[in-house]
Amino acid sequence: MSNRQTVDARNTFCPGPLMELIAALRASTVGDEVEVLSSDKGSIDDIPAWTRKVGHTLVSSDNRGDHFAFVIRKAK
Amino acid sequence: MRTKILILGGGLAGTIVANGLVRRLASEIRSGEAAITVLGNTPRHMYQPGLLYVPFGRAREQELFRDERTVLDRRISLIIDAATRIDVVNNRVHAQSGRSFDYDYLVIATGSRLAPELVPGLAENAHQFYDLPGAKKLRDALTDFKGGRIVVNVNAPHKCPVAPVEMALMLDEFLRERGLGGKFEITYTYPIGRLHALEPLANWMVPEFERRGIKSQNFFNTQAVDGDAKTITSEEGDTLPYDLLITIPPHRGAQVIEDSGLGKMGWVPTNPKTLLCDGTKNAFVVGDTTNIPISKAGSTAHFEADTVVDNLAMLVQEGRWSRDYDGKVFCFIETGMNTGTHMWFNYTTPPQPSPPTQMVHWFKLAYNRMYWLSACGLL
Ligand SMILES: Cc1cc2nc3c(=O)[nH]c(=O)nc-3n(C[C@H](O)[C@H](O)[C@H](O)COP(=O)(O)OP(=O)(O)OC[C@H]3O[C@@H](n4cnc5c(N)ncnc54)[C@H](O)[C@@H]3O)c2cc1C
């Protein structure tokens with residue numbers, strides 16, 4: 001069964017949302033989903049770009065006003 | 001009734017909490033109303049930031065260690081008996097010898113460990129300087145190094161976000177000073193789309209790397225190392241050849257955290273403000289082992305430890321909460337063998353850069369000496 005975990009990386013500057021996502025995916029198995037919350041505007045570009053580059057699946061991306069929420073499924 | 005405070009791990013965070021608490025609870029300890037125990041797995045306390053200087057022959061081994069017993073206030077009991085299971089439901093910790101320890105308050109400070117085994121080929125083929133055997137082996141490799149391609153490879157998650165940058169810059173200077181200028185090429189790989197997680201530092205690094213001729217590869221999350229072909233490959237599909245590979249391996253939390261079912265990969269789910277282990281009211285988590293998405297660094301451990309001391313002392317003495325952790329992190333960054341810079345930030349204030357100076361480099365060296373004062377709770 002696949003799991004979903006949430007990483008709340010809002011208002012954190014180091015290591016930041018993408019690095020947290022990478023670490024969370026490292027700890028996951030194929031099919032698991034990670035939801036990452038980010039208040040960093042740079043995430044709009046770099047999280048989808050990285051997800052595509054590696055070949056994971058961007059399940060959703062949501063602008064919630066004061067932050068963004070991305071759901072990524074580990075594909076490999 | 002006596003309040004039993006049990007601290008797991010006699011590293012930086014555990015030691016600061018223990019020494020801070022003993023001062024705040026001096027009268028309760030004198031009257032026998034409170035007792036503090038540190039449960040560690042080694043009698044020696046290592047000053048980890050000193051490892052950065054070992055590969056360059058600039059730190060003596062014995063400078064890095066002190067007996068934990070001499071760092072801890074003598075009113076604290078120190079027991080060396082590795083924790084094997086933490087039972088936060090029954091307020092008990094089981095240890096290797098078969099003994100178990102009950103507590104009223106627990107502080108989990110078991111740090112992080114290197115996990116090169118998570119990447120095929122990494123442990124066998126890459127050098128690292130995050131522990132003493134690794135740092136010494138790298139020192140030997142640098143002594144023998146006559147030139148070639150060096151890859152400084154950074155993996156997530158890892159402690160001390162700035163040590164990899166410091167390694168790349170110091171290595172460049174060290175090899176030039178040895179007369180190898182023009183005979184080596186350094187490539188620095190980083191997991192995300194810029195050179196460092198800290199944006200101001202990443203921006204500063206671009207021209208600095210250019211000036212020195214250090215190459216870089218962003219979006220590089222290591223998939224495997226091939227020791228025969230001498231190549232390192234990323235999940236993103238890039239392959240780099242190397243003659244000398246220096247890695248900052250991915251980290252995980254202590255084995256006991258995983259064995260106790262407390263957190264995936266050994267990271268304990270922790271409230272970012274109260275520093276309480278999720279689902280508990282009496283188990284604090286401090287230092288590298290939290291799952292809080294901030295830098296795993298000595299300064300983080302220090303500021304968290306101060307918060308835990310304030311809250312634990314207040315809970316024991318007055319049964320109430322003192323204050324929340326504000327996410328503060330501070331770092332000194334070596335920008336070469338003779339200059340340094342510094343930066344701080346918290347949950348609400350982003351980091352601001354300051355220009356590197358020789359003064360800050362001397363501060364960092366001085367801080368290296370002051371580490372022990374801060375572990376002793378004097379700073
Ligand atoms: C090369 C290098 C350079 C660094 N430079 C800096 C720097 O310049 N600035 C900075 O702020 N930080 C720096 N750091 C990071 C800093 O050293 C760590 O973040 C800090 O030590 C974390 O403190 P801690 O108490 O959480 O973990 P640690 O200090 O690692 O302590 C954890 C302790 O728990 C013990 N333990 C583990 N498992 C058990 C068990 N089962 N039972 C009992 N005890 C156990 C361990 O033996 C250890 O003593 C550097 C680290 C390295 C490796």
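Here is how names work: the chains are called A, B, and so on, in the same order as the sequence lines, proteins then strands, and each is numbered from 1. In what follows, every heavy atom counts, from backbone to side chain, and hydrogens, waters and symmetry copies are set aside.
- Proximity to chain A (any heavy atom under 4.5 Å) is restricted, for B/Asp238, to the side chain, taken from C-beta onward.
- Among B/Met343, B/His196, B/His342, the single residue meeting the side-chain contact (heavy atoms from CB on, under 4.5 Å) criterion with B/Ile333 is B/Met343.
- Of the residues considered (B/Leu198, B/Asn346, B/Asn155, B/Ile294), B/Ile294 shows the highest number of contacts with chain A, using heavy-atom pairs under 4.5 Å.
- For B/Ser234, no part lies under 4.5 angstrom from a heavy atom of chain A.
- Heavy atoms closer than 4.5 Å to chain A are found in both the backbone and the side chain of B/Tyr347.
- Taking each heavy atom of B/Val268 and B/Ile257 in turn, the nearest pair found is CG2-CG2, 3.6 Å.
- If you measure heavy-atom distances from A/Asp45 to chain B, you find no contacts under 4.5 Å at all.
- Note on ring orientation: taking the six-membered ring where Trp is involved, the planes of A/Trp50 and A/His56 are tilted (angle from 30° to 60°).
- For chain A, no part of B/Val154 is nearby; none of its heavy atoms comes within less than 4.5 Å.
- Looking at B/Pro191, the atoms closer than 4.5 Å to chain A (heavy atoms on both sides) sit in the backbone and in the side chain alike.
- Annotation: maximal heavy-atom pairing with chain B below 4.5 Å, among A/Cys14, A/Ala23, A/Ala9, occurs at A/Cys14.
- Smallest separation of non-hydrogen atoms from B/Val256 and B/Arg85: CG2-N, 3.7 Å.
- Within 6.0 Å of atom NZ in A/Lys76, more than 12 heavy atoms from other residues, nucleotides or ligands are found, so the atom counts as buried in its surroundings.
- For B/Lys328 and B/Phe303, the positive end sits near the middle of the six-membered ring, less than 6.0 Å away and at most 45° from its axis.
- Proximity to chain A is limited to the side chain of B/Pro250, based on heavy atoms less than 4.5 angstrom apart.
- Ring pair B/Phe332/B/Phe330 is perpendicular by interplanar angle, where above 60° counts as perpendicular and below 30° as parallel.
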